[in-house]
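Order of appearance sets the numbers: ligands from 1, and atoms from 1 within every ligand. All values reported here derive from a predicted model rather than from experimental measurement.
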Amino acid sequence: MDVLKGRGAVVTGAASGIGKAIATAFVESGAGVLLCDLNAKALDAAACELGSRAIGRVTDVSDEAQVESAMRAARQAFGSLDIVVNCAGFGAIAPLTEISGDKWRSVQAVTLGGVFYGVKHGARQMLDQGRAGVIINISSVNGRQPGEGQAAYCAAKAGVDMITRCGALELGARGIRVVGIAPGLVETPLTRKELEDPAMRQLFFGIIPMGRAVAAEEIGAAAVFLASDHARSITGDTIAIDGGSLTRGYPALLTGVKKSS
Ligand code: NAD
């Protein structure tokens, strides 16, 4: 179904995992997509795979000028900027008392700062073109659920949820929606290495009532819905897609298992 036909989109972190699945779902739904990522090689491969409605652009989301020019480039390429997905992000697993200032700053700069720049400059293009749109921020269950050894990531994702709410509040009167998706465990290059350890896998799966990971394609399908007119009254909220894991505690990544290797 071409529910996004004729729309122009930016997806950050689009060369891999969840971002790539969202970009794929958007192209399949009729949108043109500017794929932004730091990883030039993976970006080229993803853009080639997605065909003529996908354009790759090397972008560091922690650099405001690069984010601003990516938003402008998407508007020029597709005629309008209608959808922005701020997906690029990562965490760091270390005890709170050990995490270095540099590591803390790098997580905040990309996972929180990149989302702020994406909302700010995505909204500015939408206001300037006089055509409203939707901004989707990829959060995590860790925006609500503290995780042992994950202070930097949890703090960044809680910040993302609040940017979503503030954005919806400030921009709603001008027709711009700002929504979030909080995935639970999704098997992607980010999590695959952890999940190779059988004990870690068991620990993760044990806290998911549905007993399985979420597929990246499910996040893509949810993003299509949220970007479409079917979701025209949804703004400010962050929707969990997590197989029910928020009903339980988060696995203790530092002390919960003795790793097998
Ligand atoms: P991934 O590692 O597969 O993909 C992340 C992409 O972001 C990579 O292509 C990477 O090159 C890119 N990236 C990193 N730093 C960047 C920067 N400064 N500028 C531009 N691009 C940059 O990870 P993923 O699992 O697909 O995660 C995507 C998002 O989903 C992240 O925000 C993550 O926190 C969130 N998330 C993932 C899971 C999960 O279980 N995989 C769960 C909840 C939330």
> Considering the heavy atoms of P189, write down every atom of ligand 1 situated less than 4.0 Å from one of them.
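This gives 3 (O) as the contact atoms.
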> Any idea which heavy atoms bring I22 and I138 closest together, and the distance?
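Heavy-atom minimum between the residues: CD1-CD1, 3.8 Å.
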> Is I219 linked to Y153 within one hydrophobic cluster, defined over Ile, Leu, Val, Met, Phe, Trp and Tyr using a side-chain heavy-atom separation of less than 4.5 Å?
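In one cluster: no.
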> Determine the minimum heavy-atom distance between T247 and P209, stating which atoms define it.
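Reported closest heavy-atom pair: OG1-CG, 3.4 Å.
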> Check for me, please, whether V134 and I241 land in the same ILVMFWY cluster - side-chain distances under 4.5 Å, paths through other members count.
yes
> At their closest point, which heavy atom of F225 faces which heavy atom of A231, and how far apart are they?
O-CB, 3.3 Å
> Counting only heavy atoms closer than 4.0 Å, does ligand 1 sit against the backbone of V61, its side chain, both, or neither?
both
> Please report which non-hydrogen protein atom sits nearest to atom 18 (N) of ligand 1, along with the residue it belongs to and the distance in Å to one decimal place.
D60 OD1, 2.9 Å
> So is D37 polar-close to ligand 1, meaning N/O to N/O under 3.5 Å?
yes
> Under 3.5 Å, side chain of N142 to main-chain N/O of C154, donor-acceptor pair present?
no
> For atom 14 (C) of ligand 1, what is the nearest protein heavy atom, given as residue, atom name and distance?
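The closest one turns out to be F90 CD2, 4.3 Å.
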> Of all the non-hydrogen atoms in the protein, which one sits nearest to atom 21 (N) of ligand 1, and at what distance?
L38 N, 3.4 Å
> With no hydrogens and no angle check, do the side chains of T12 and N86 hold a donor and an acceptor under 3.5 Å apart?
no
> Closest approach of T235 and R177, non-hydrogen atoms and distance?
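Scanning both residues completely, I find the closest heavy atoms to be OG1-CA, 3.4 Å.
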> Can a salt bridge be assigned to the pair D37 and R57 using a cut-off of 4.0 Å between side-chain N and carboxylate O?
no
> Is it the side chain, the backbone, both or neither of T12 that has a heavy atom closer than 4.0 Å to ligand 1?
neither
> Of all heavy-atom pairs between L35 and A54, which one has the smallest distance, and what is that distance?
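For L35 and A54, the tightest heavy-atom pair comes out as CD1-CB, 3.6 Å.
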> Need the ligand 1 atom indices (1-based, order shown) with element for anything under 4.0 Å from a heavy-atom of Y153.
33 (C), 34 (O), 35 (C), 36 (N), 43 (C), 44 (C)
> Answer yes or no: is there an ion pair linking E68 with K120, defined by an N-O contact shorter than 4.0 Å?
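K120 and E68: not salt-bridged.
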> Between the candidates S16, A46, C87, which shows the shortest non-hydrogen contact distance to atom 28 (C) of ligand 1?
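That would be C87.
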> Which part of S139 is near ligand 1, with near meaning a heavy atom under 4.0 Å away: side chain, backbone, both or neither?
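For S139, the contact with ligand 1 is made by the backbone alone.
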> Side-chain donor-acceptor pair under 3.5 Å between R7 and S80, yes or no?
no
> Check each heavy atom of V110 against ligand 1 and say whether those closer than 4.0 Å belong to the side chain, the backbone, both or neither.
side chain
> Check whether any heavy atom of G91 sits under 4.0 Å from an atom of ligand 1.
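No, that is not the case, since the closest heavy atom of the residue is not under 4.0 Å from the ligand.
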> Short list, please: which atoms of ligand 1 are under 4.0 Å from a heavy atom of T59?
19 (N), 20 (C)
> Among all protein non-hydrogen atoms, which one is nearest to atom 7 (O) of ligand 1, and what is the separation to 0.1 Å?
G13 CA, 3.5 Å
> Please write down residue, atom name and distance for the protein heavy atom closest to atom 23 (O) of ligand 1.
L190 CB, 3.4 Å
> Which of the atoms of ligand 1 are close to G17, meaning less than 4.0 Å from one of its heavy atoms?
3 (O), 26 (O)
> Does any N or O of ligand 1 fall below 3.5 Å from an N or O anywhere on V141, backbone included?
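V141 vs ligand 1: no N/O contact under 3.5 Å.
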> Of the backbone atoms (N, CA, C, O) and the side-chain heavy atoms from C-beta on, which set of T188 has a member under 4.0 Å from an atom of ligand 1: side chain, backbone, both, or neither?
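The side chain, only.
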> Does at least one non-hydrogen atom of A42 fall below 4.0 angstrom from an atom of ligand 1?
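Contact absent.
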> Looking only at heavy atoms of G184, does any of them come nearer than 4.0 Å to an atom of ligand 1?
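So G184 counts as touching ligand 1.
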> Before you tell me yes or no, could you show the steps for K20 and E49 under salt bridge (charged side-chain N to carboxylate O under 4.0 Å, His left out), namely the whole-Å CA-CA distance, both residues' side-chain angles and the distance that decides it to 0.1 Å?
CA-CA 10 Å; K20 186 177 172 192; E49 213 180 289; 3.1 Å; yes
> Considering only heavy atoms of T191, which atoms of ligand 1 have at least one such atom less than 4.0 Å away?
39 (C), 40 (O), 41 (N)
> Are K157 and ligand 1 in contact, using a heavy-atom cut-off of under 4.0 Å?
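K157 counts as a contact of ligand 1 under the 4.0 Å cut-off.
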> Which of the numbered atoms in ligand 1 are under 4.0 angstrom from any heavy atom belonging to L185?
40 (O)
> Any idea which heavy atoms bring L195 and E187 closest together, and the distance?
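Where L195 meets E187 most closely, the heavy atoms are CD1-CG, 3.2 Å.
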> Between R232 and D229, is there a salt bridge with N-O shorter than 4.0 Å?
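Result for this pair is no, no salt bridge flagged.
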> Of the protein's non-hydrogen atoms, which lies at the shortest distance from atom 43 (C) of ligand 1, and what is that distance?
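Here the closest protein heavy atom is P183 O, 3.3 Å.
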> Evaluate S140 for polar contact with ligand 1, using N/O atom pairs at a separation under 3.5 Å.
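Looking only at distances, the answer is no, because the N/O contact criterion of under 3.5 Å is not met.
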> After noting the C-alpha distance and the side-chain angles of D237 and R165, does the key distance pass the salt bridge (charged side-chain N to carboxylate O under 4.0 Å, His left out) rule?
CA-CA 7 Å; D237 199 19; R165 296 176 69 194; over 6 Å; no
> Decide whether an N or O pair under 3.5 Å exists between V186 and ligand 1.
yes
> For atom 26 (O) of ligand 1, what's the nearest protein heavy atom and its distance?
I18 N, 2.7 Å
